[in-house]
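First comes the structure, then the notes that go with it.
Source: prediction; values computed, not measured.
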Amino acid sequence: MPDATTSETPPTEAPAATAKTIPPREAAVEALMRLAAEQPWNDIEIGDIAREAGLSLAEFRELFPSKGAVLGGLSRIIDRAVLEGDTSDLADEPSRERLFDVLMRRLDAMTPYKDALRRISYALRGDPLSMLALNGVALNSHRFMLAAAGINTEGPLGRLKLQGVVIAFARTVEVWLDDDDPALARTMARLDKEIRNGERFMERADDARRLTAPFLALGRSLLERGNRSRRGRPPEDTRNEDAGNPLGGDPAAAI
């Protein structure tokens with residue numbers, strides 16, 4: 001007779017925990033960050049990244065053209081982490097405070113990769129071509145950071161503002177990489193200083209724009225007058241000019 005305390009039905013085994021999967025692009029980025037935290041940047045090969053991410057070289061090639069492109073992929077992950085955050089509480093703050101908060105959120109999102117970024121930063125400081133490429137990546141990212149802070153980046157002054165924020169943040173990151181204080185006092189002080197310096201520079205640039213506006217307006221007037229004069233030429237002259245213009249007479253094609 002079976003023991004009354006024993007169930008005749010065998011216990012059901014708990015299902016095995018399903019490993020968390022992430023998209024292949026993110027897997028490659030995370031793999032690169034793990035490798036970069038442990039070994040020199042210049043020792044990491046694309047095959048190492050593919051193996052670490054559990055990808056074949058063919059799969060890796062479909063995702064990224066180079067190791068540097070994987071590093072650029074990290075910037076997109078950081079962008080998304082910042083942009084998905086709620087910034088509605090910043091709406092009534094001055095632009096300086098909004099930008100400070102957004103950039104501190106960016107540093108928070110970068111924190112899990114700090115060891116890797118420190119080693120990468122030291123390795124790339126003597127590589128001007130890589131730094132130039134990373135500047136392009138940073139411009140794209142910080143365009144969205146400024147948008148999150150409600151700051152305009154259109155027009156000549158907007159582009160100047162955008163490049164200025166990229167430089168200011170890069171200088172702040174240099175301090176952040178060596179700032180082991182959980183409160184990040186040195187980092188916050190440097191970011192505040194860089195933003196204030198940027199504000200003063202933009203004020204001077206705006207003053208210069210207002211001073212030169214009459215001369216620019218005169219130049220545009222003379223240019224338009226010259227264009228009207230050329231439009232009055234016989235058709236064959238116009239055809240000859242267009243034939244010699246690789247842009248087909250459309251200056252926007254050069255942008």
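With rounding to the nearest 0.5 Å, the separation of CG in Leu162 from CG in Asn152 is 11.0 Å. The CG atom of Asp180 sits 5.5 Å away from atom NZ of Lys114, with the distance rounded to the nearest 0.5 Å. Between the CE atom in Met33 and the CE atom in Met110 there is a gap of 10.0 Å [rounded to 0.5 Å]. Rounding to the nearest 0.5 Å places CD1 of Ile77 at 4.5 Å from CD of Glu26. Interatomic distance, Ile46 CD1 to Arg51 CZ, rounded to the nearest 0.5 Å: 10.0 Å. The structure places CD1 of Ile44 at 5.0 Å from CD of Gln39, a figure rounded to the nearest 0.5 Å.
Among Asp79, Leu99, Thr153, the one residue that satisfies the side chain to side chain contact (heavy atoms under 4.5 Å, CB included) test with Met145 is Asp79. The side chain to side chain contact (heavy atoms under 4.5 Å, CB included) test with Thr187 singles out one residue from Asp179, Asp181, Asp178, and that residue is Asp179.
Residues Phe64 and Ile49 are not in side-chain contact: their nearest non-hydrogen atoms beyond the backbone lie 4.5 Å or more apart. Counting only heavy atoms from C-beta outward, the side chains of Ser141 and Arg106 approach each other to under 4.5 Å. Side-chain contact between Leu139 and Arg159 is absent, with no heavy-atom pair separated by less than 4.5 Å. At a threshold of 4.5 Å between non-hydrogen side-chain atoms, the residues Gln163 and Val166 count as touching. Between Glu30 and Leu74, the closest side-chain pair of non-hydrogen atoms is not below 4.5 Å. The closest side-chain heavy-atom distance from Ile195 to Phe169 is not below 4.5 Å.
In plain terms, the two heavy atoms of Leu57 and Ala50 that are nearest each other are CD2-CB, 4.3 Å. Closest heavy-atom contact between Pro40 and Arg119: N-NH2, 3.4 Å. The shortest heavy-atom contact between Ala116 and Ala36 is CB-CB, 3.9 Å. Taking every heavy atom of both residues into account, Met188 and Ala183 meet most closely at CE-O, 3.1 Å. Considering all non-hydrogen atoms of both residues, Asp115 and Ala37 come closest at CB-CB, 4.3 Å. Nearest approach of Val70 to Ala28, heavy atoms of both residues: CG1-O, 3.6 Å.
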(message) side-chain contact (heavy atoms from CB on, under 4.5 Å) for Ile167 and Glu194? Distances and angles first, verdict last.
(response) CA-CA 9 Å; Ile167 294 171; Glu194 292 293 340; 5.8 Å; no
(request) Give the C-alpha distance, both sets of side-chain angles, the deciding distance and a yes or no for side-chain contact (heavy atoms from CB on, under 4.5 Å) between Arg76 and Val29. (result) CA-CA 10 Å; Arg76 290 193 176 192; Val29 172; over 6 Å; no
(message) Go through it in stages, so that I can follow the logic: the residues are Leu184 and Thr111, the test is side-chain contact (heavy atoms from CB on, under 4.5 Å), and I'd like the CA-CA distance, side-chain angles, deciding distance and then a yes or no.
(response) CA-CA 11 Å; Leu184 296 179; Thr111 298; 5.8 Å; no
(request) Walk me through it: do Asp43 and Asp48 pass the test side-chain contact (heavy atoms from CB on, under 4.5 Å)? (result) CA-CA 9 Å; Asp43 289 350; Asp48 301 328; over 6 Å; no
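Following chains of ILVMFWY side-chain contacts shorter than 4.5 Å, one cannot reach Leu71 starting from Val137, and the two form parts of different hydrophobic clusters. Note: the hydrophobic cluster containing Leu32 does not contain Tyr122 (ILVMFWY, side chain heavy atoms under 4.5 Å, direct or indirect links).
Residues that satisfy the side-chain contact (heavy atoms from CB on, under 4.5 Å) test with Glu59, not counting sequence neighbours, are Leu55, Ser56.
The pair Asp101-Arg105 meets the salt-bridge criterion, since a charged nitrogen lies less than 4.0 angstrom from a carboxylate oxygen.
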Show me the side-chain donor-acceptor pairs of residues 170-177 shorter than 3.5 Å, one per line, residues at least two apart or across chains.
residue	atom	partner	partner atom	Å
Thr172	OG1	Ala168	O	2.9

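Atom CZ of Arg118 sits in a crowded spot, with more than 12 heavy atoms from other residues, nucleotides or ligands closer than 6.0 Å.
Looking only at distances, no side-chain donor or acceptor of Asp192 sits under 3.5 Å from a matching main-chain atom of Ala189.
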